[in-house]
> 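Questions regarding the structure given below will be posed in turn.
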Amino acid sequence: MKPLPQQIQHLIREAILAAQQDGTLPVFDLPEISVNPAKKADQGDYGSPVALALAKPAGKKPLDIADAIKLHFPQADFLQSVEVAPPGFVNFRLSENWVRQQVRTIIAAGETFGQQDIGHGKKAQVEFVSANPTGPLHIGRTRGAILGDTLANLLMECGWTVEREYYFNNAGAQMTLLGNSLKARYLQSLGQDAELPENGYQGDYLITVAEELKAEVGSAWMQADWKPFKEYAEARIFKMIETTLARVGIKFDHFFNEQFVYDDQSVWEVLEQLRSKGFIYEAVTREGAAEDELDKARKENLTKPAVWFRSTQLGDKEDRVVVKSNGEPTYVLPDIAYHINKLGRGFERIIDVFGTDHIIEAQTVARGLQALGYDASKVDVVLHQFVTFGENKMSTRAGNYVTLDDLIDEVGRDVVRYFMLARSADSHLDFNFEKAKEQSNENPVYYIQNAHVRCCGIFRQVEQNGYPENWDEGADLSLLGAGELAFIRKALELPEQLVFAYENLAPHQIAFWALDLARVFHPLYDDVRVLHSEVPEALARARLQFYRMARVVFVRVLGIMGMTAPERM
RNA sequence: GUCCCUAUAGCUCAGAGGAUAGAGCGUUGGCCUCCGGAGCCAGAGGCGCAGGUUCGAGUCCUGCUAGGGACACCA
């Protein structure tokens with residue numbers, strides 16, 4: 001089902017064109033027609049301010065334009081009325097009969113209710129988490145993880161074939177340090193007097209890994225250098241990360257090692273292509289460097305040239321180093337190669353989920369793609385603000401962090417997911433760990449899930465009382481009351497909510513809508529009884545059909561957010 | 001210093017240029033013998049400040065104030 005506002009929008013367009021055709025309205029270019037859900041009951045279900053916006057181009061009063069739209073409005077089975085309200089709104093009321101019939105439509109659609117075919121099955125990729133395997137995922141990674149996974153869900157719901165990818169780097173100084181840190185822990189576990197390297201990884205997890213290693217190889221590795229330790233640690237840590245992610249319902253389709261773009265030489269090819277297009281120069285300092293920067297270079301005795309990407313030609317405020325003076329590329333170059341690799345794998349849409357600290361990186365990669373003539377518009381970057389935890393500052397190396405596992409232990413998968421989703425990505429998230437624990441008894445997660453639980457309870461009761469499974473089939477839906485209709489209308493918003501969240505890459509919209517939906521549901525529950533001495537059978541069957549539909553919708557919305565829909569709590 | 005994000009109810013946050021700005025938590029008062037009370041009903045409580053654009057601004061623009069982040073030959 002296409003979103004109703006979109007359907008109405010098309011009808012308005014037709015109405016305006018028809019009015020222009022017969023001269024009721026003058027000819028002008030059609031603007032963007034907005035259709036919004038009504039805020040008040042007497043405004044119908046949807047409304048459009050289009051006539052207000054047209055006043056100037058049409059040279060007519062908004063009310064007259066609205067009247068013309070109403071007059072020329074095409075027949076539509078889902079609409080009951082089109083009304084004009086001052087100062088020029090056009091309001092639409094859904095047909096009650098049509099709304100009632102949607103109960104069956106939604107039940108029939110089931111798991112596919114609300115799905116859209118925007119992507120036409122084309123390939124999309126969402127890259128997220130992408131933490132290097134130096135330790136367990138800390139709580140700061142949670143937001144990007146949940147955000148990325150839910151964005152992937154949204155793309156799937158909108159008709160894309162989605163791959164979830166995790167990009168990592170297992171080379172470099174940090175990984176060497178990790179190897180040396182594990183080596184120290186290993187020697188310690190053998191009773192040796194070893195010290196962690198300076199700034200080494202102090203977390204207890206390496207002690208655990210060292211114990212496991214000792215159990216496997218005994219003292220055989222005592223003379224080994226950092227490399228096998230690095231590899232062992234990396235493998236173990238990836239396992240930990242995957243296990244943790246699985247606990248919040250996240251599973252990656254692919255892990256991409258940065259090393260790949262070195263192995264296939266593409267990182268160097270990218271450099272040569274940039275060079276051939278004139279985007280590369282070699283210098284000790286960037287072109288047009290300010291005086292203080294030159295001073296700094298002198299002080300640090302920089303004499304060997306680095307390789308610079310002339311990103312200023314593409315609107316950057318300064319050029320960026322792509323190969324350090326020691327000959328090693330900076331992160332930017334492999335990252336550009338990586339994105340070219342993604343495009344080469346046929347993804348029509350690529351979404352990168354990063355913390356806002358990666359904004360420069362994201363921009364530089366985009367400029368790199370642009371410089372080489374790739375379609376950078378296929379890449380969308382979703383940046384999220386950080387989660388803060390009161391006074392607790394965390395660092396992986398210092399080991400004084402709360403892990404994602406700890407968080408899941410405390411509040412559970414669904415609370416983790418919902419809390420991370422229930423605010424927009426560019427809003428700073430203040431996650432008070434203590435408060436989250438306290439709230440776990442009284443929070444929106446349970447409120448939403450309880451709506452599903454209540455539906456399930458009804459079906460259990462019906463079954464226990466010996467009614468047939470299809471008892472409600474063919475029920476007379478005209479018996480449903482105003483409260484039920486209000487809920488069905490709300491449920492029918494799923495397609496538009498989905499599309500809106502998808503278009504804006506804003507999963508929090510769904511989180512808020514889910515809460516809205518539950519808020520329409522719960523007040524009904526007390527009054528809309530199914531098995532009750534005063535409810536006649538025909539009504540009971542109609543209501544059961546209604547709850548069957550409600551259950552579908554709650555399963556859907558919870559599923560989109562990656563949350564479970566428990567049958568009991 | 002420059003750039004990015006944020007500022008809405010006591011707290012945490014929604015709000016898609018349109019009509020009388022919403023929710024959760026907290027708080028105050030009420031409700032419930034039948035499908036799980038993790039419930040329902042009602043009340044109090046409001047757009048950081050100053051300009052501007054617009055028929056219309058919480059929403060767009062400028063400045064100011066406050067908080068977070070980025071300004072590496074780290075990833």
> Roughly how many Å apart are B:rG22 and B:rC55, using the C1' atom of each and rounding to a whole number?
26 Å
> With a 3.5 Å limit on both atom pairs, tell me what B:rG56 is paired to, counting Watson-Crick and G-U wobble, or say none.
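Partner of B:rG56: none found under 3.5 Å.
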> Select from A:Tyr46 and A:Leu524 the residue whose nearest nucleotide in RNA chain B is closer to the 5' end of that strand.
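Counting from the 5' end, the first nearest nucleotide belongs to A:Tyr46.
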> Is there a Watson-Crick or G-U wobble partner for B:rC31 with both distances under 3.5 Å, and if so, which one is it?
B:rG39
> So which protein N/O to nucleotides 70-73 of chain B N/O distances come out below 3.5 Å?
residue	atom	partner	partner atom	Å
B:rC73	O2	A:Ser325	N	2.6
B:rC73	O2	A:Ser325	OG	2.7
B:rC73	N3	A:Ser325	OG	3.2
B:rC73	N4	A:Val284	O	2.7

> Would you indicate what A:Asn465 reaches in the nucleic acid, counting non-hydrogen atoms under 4.0 angstrom: base, sugar-phosphate, or nothing?
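Counting heavy atoms under 4.0 Å across all strands, no contact is made by A:Asn465.
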> Mark yes or no: A:Arg454 above the aromatic ring of A:Tyr525, with NZ or CZ under 6.0 Å from the six-membered ring centre and no more than 45 degrees from the axis.
yes
> With a non-hydrogen cut-off below 4.0 angstrom, is A:Ser34 in contact with a base, only sugar-phosphate, or nothing?
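Contact class for A:Ser34: none.
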> When the distance from CD of A:Glu234 to C1' of B:rA75 is rounded to whole Å, what number comes out?
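Rounded to whole Å, this separation is 15 Å.
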> Partner lookup for B:rA9, please. Criteria are Watson-Crick or G-U wobble with both distances under 3.5 angstrom; report none if nothing qualifies.
none
> Would you mind telling me which of A:Phe238, A:Phe256, A:Phe128 makes a ring-ring contact (aromatic ring centres under 6.0 Å, His included) with A:Phe168?
A:Phe238
> Starting at CG of A:Asn36 and ending at P of B:rG22, how long is that distance when rounded to a whole Å?
15 Å
> Send over the distance from A:Leu421 CG to B:rA23 P, rounded to a whole Å.
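Taking CG of A:Leu421 and P of B:rA23, I get 22 Å after rounding.
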> When all nucleic acid strands are considered with a 4.0 Å heavy-atom cut-off, which category describes A:Tyr525: base, sugar-phosphate, or nothing?
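Base, at least one base heavy atom under 4.0 Å.
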> In whole Å, measure the gap between the P atoms of B:rC64 and B:rA21 for me.
31 Å
> Which part of the nucleic acid does A:Arg423 contact within heavy-atom distance under 4.0 Å: base, sugar-phosphate only, or nothing?
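Counting heavy atoms under 4.0 Å across all strands, the contact made by A:Arg423 is with sugar-phosphate only.
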> Quickly work out the A:Phe168 CZ to B:rA75 C1' distance and round it to whole Å.
14 Å
> Using atom C1' of each nucleotide, how far apart are B:rG43 and B:rG36 to the nearest Å?
29 Å
> Are A:Phe89 and B:rA19 stacked, counting the six-membered base ring, centres under 5.5 Å, planes under 30°?
yes
> Can you find an N or O donor on one side and an acceptor on the other, under 3.5 Å apart, linking the side chain of A:His428 with the base of B:rG69?
no
> Whole angstrom is fine here: how far is it from OH in A:Tyr547 over to C1' in B:rG36?
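Nearest whole value for this atom pair: 13 Å.
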> Kindly confirm or rule out a cation-pi arrangement of A:Arg548 over A:Phe459, judged by NZ or CZ under 6.0 Å from the six-membered ring centre and within 45° of its axis?
no
> Check this for me: does any side-chain nitrogen of one of A:Arg275 and A:Glu282 sit under 4.0 Å from a carboxylate oxygen of the other?
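Salt bridge present between A:Arg275 and A:Glu282.
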> Could you check whether A:Phe521 and A:Phe487 have their ring centres less than 6.0 Å apart?
yes
> In this structure, how many angstroms lie between the P atom of B:rG68 and the CD atom of A:Gln385, rounded?
12 Å
> For A:Asp319, is there an ion pair with A:Arg367 - N to carboxylate O distance below 4.0 angstrom?
no
> Taking the six-membered ring for Trp, are the ring centroids of A:His384 and A:Phe354 within less than 6.0 Å of each other?
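Ring centres of A:Phe354 and A:His384 not closer than 6.0 Å.
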> Is the shortest distance from a Lys or Arg side-chain nitrogen in A:Arg541 or A:Glu537 to a carboxylate oxygen in the other one below 4.0 Å?
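No, no charged N to carboxylate O under 4.0 Å.
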> At 4.0 Å (heavy atoms only), tell me whether A:Gln509 reaches a base, stays on the sugar-phosphate, or touches nothing.
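Sugar-phosphate contact only.
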> Report the nucleotide, chosen from B:rG39, B:rC35, B:rA75, that has the shortest atom-to-atom distance to any side-chain atom of A:Asn169.
B:rA75
> Check every atom of B:rA75, B:rG36, B:rA14 against the side chain of A:Tyr331 and return the nucleotide holding the closest atom.
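Closest nucleotide to the A:Tyr331 side chain: B:rA75.
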> Taking a pair as Watson-Crick or G-U wobble with both distances under 3.5 Å, which nucleotide is matched to B:rG26?
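Matched B:rG26 with nothing under the 3.5 Å cut-off.
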> Counting only Watson-Crick or G-U wobble pairs whose two distances fall under 3.5 Å, which nucleotide matches B:rU2?
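By the stated definition (distances under 3.5 Å), B:rA70 pairs with B:rU2.
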> Tell me whether A:Gln545 contacts the main-chain N or O of A:Asp472 through its side chain, where contact means a donor paired with an acceptor under 3.5 Å.
yes
> What I want to find out is whether A:Glu493 reaches A:Lys490 closely enough, with some N-O distance under 4.0 Å, to be called a salt bridge.
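Looking at A:Glu493 and A:Lys490, the cut-off is met.
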> Taking only the C1' atom of each, what is the distance from B:rC13 to B:rA70 in whole angstrom?
25 Å
> Looking across every strand, which nucleic acid part, if any, lies under 4.0 Å from A:Leu52 by heavy atom: base, sugar-phosphate, or nothing?
base
> When rounded to the nearest Å, what value does the distance between P atoms of B:rC5 and B:rA50 take?
23 Å
> Under a 3.5 Å distance rule, please check whether A:Arg543 uses its side chain to pair with a backbone N or O of A:Arg529 as donor and acceptor.
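Yes: the side chain of A:Arg543 pairs with the backbone of A:Arg529.
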> So, OP1 or OP2 of B:rG36: does either fall under 4.0 Å of a side-chain N or O from A:Arg454?
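Indeed not, no polar side-chain atom of A:Arg454 lies that close.
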> Determine the Euclidean distance between corresponding C1' atoms of B:rG52 and B:rA9; express it in Å to zero decimal places.
29 Å
> Quick one: does A:His508 reach the base of B:rC13 with a side-chain donor-acceptor pair under 3.5 Å?
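Result: no qualifying N/O pair found.
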> Is it true that a side-chain atom of A:Asn132 and a backbone atom of A:Asn169 form a donor plus acceptor pair closer than 3.5 Å?
yes
> Provide, to the nearest angstrom, the distance between the CZ atom belonging to A:Phe521 and the C1' atom belonging to B:rC41.
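Atom CZ in A:Phe521 sits about 18 Å away from atom C1' in B:rC41.
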> Output yes if the stacking criterion (under 5.5 Å between centres, under 30° between planes) is met for A:Tyr446 over the base of B:rA38, else no.
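Yes; centroid distance and tilt both under limits.
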> Considering every strand and a 4.0 Å limit on heavy-atom distances, what is the contact class for A:Ser533: base, sugar-phosphate, or nothing?
base
> Listed in order of residue number, which residues of residues 489-503 of chain A have a non-hydrogen atom at under 4.0 Å from RNA chain B?
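Heavy-atom contacts with RNA chain B come from A:Gln497, A:Phe500.
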> Answer yes or no: is there an ion pair linking A:Lys70 with A:Glu83, defined by an N-O contact shorter than 4.0 Å?
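Result for this pair is no, no salt bridge flagged.
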> Look at the side-chain N and O atoms of A:Tyr447 and state whether any lies under 4.0 Å from the OP1 or OP2 oxygen of B:rC40.
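Looking at the OP1 and OP2 atoms of B:rC40, one of them is under 4.0 Å from a side-chain N or O of A:Tyr447.
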> Taking any heavy-atom pair under 4.0 Å as a contact, classify A:Val528: base, sugar-phosphate, or nothing.
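Contact class for A:Val528: base.
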> Between B:rG45 and B:rA38, how far is it from one P atom to the other, in whole Å?
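Straight-line distance between the two P atoms is 31 Å.
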> Watson-Crick or G-U wobble partner for B:rG51, using a 3.5 Å limit on both distances?
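WC or wobble partner is B:rC61.
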> From the set B:rU54, B:rG39, B:rA16, return the single nucleotide nearest to any side-chain atom of A:Lys56.
B:rU54
> Say you pick atom P in B:rA66 and the same atom in B:rU53; how far apart are they, in whole Å?
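One P to the other, the span is 28 Å.
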> Give one of base, sugar-phosphate or nothing for A:Asn170, where a contact means two heavy atoms less than 4.0 Å apart.
nothing
> Take the protein atom CG of A:Asp426 and the nucleotide atom P of B:rC5, then report the distance between them rounded to whole Å.
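Roughly 8 Å, once rounded to whole Å.
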> Remember a base hit wins even if backbone is also touched, and classify A:Glu258 as base, sugar-phosphate or nothing at under 4.0 Å, heavy atoms.
sugar-phosphate
> Within the structure shown, what part of the strands sits under 4.0 Å from A:Ala511 by heavy-atom distance: base, sugar-phosphate, or nothing?
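The answer is nothing, as A:Ala511 stays clear of every strand by at least 4.0 Å.
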> Just compare B:rA14, B:rU20, B:rG18 and give me whichever is closest to any side-chain atom of A:Lys40.
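Closest nucleotide among those given: B:rU20.
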> Do A:Phe255 and A:Tyr167 have ring centroids that are under 6.0 Å from one another?
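Centroid separation for A:Tyr167 and A:Phe255: 6.0 Å or greater.
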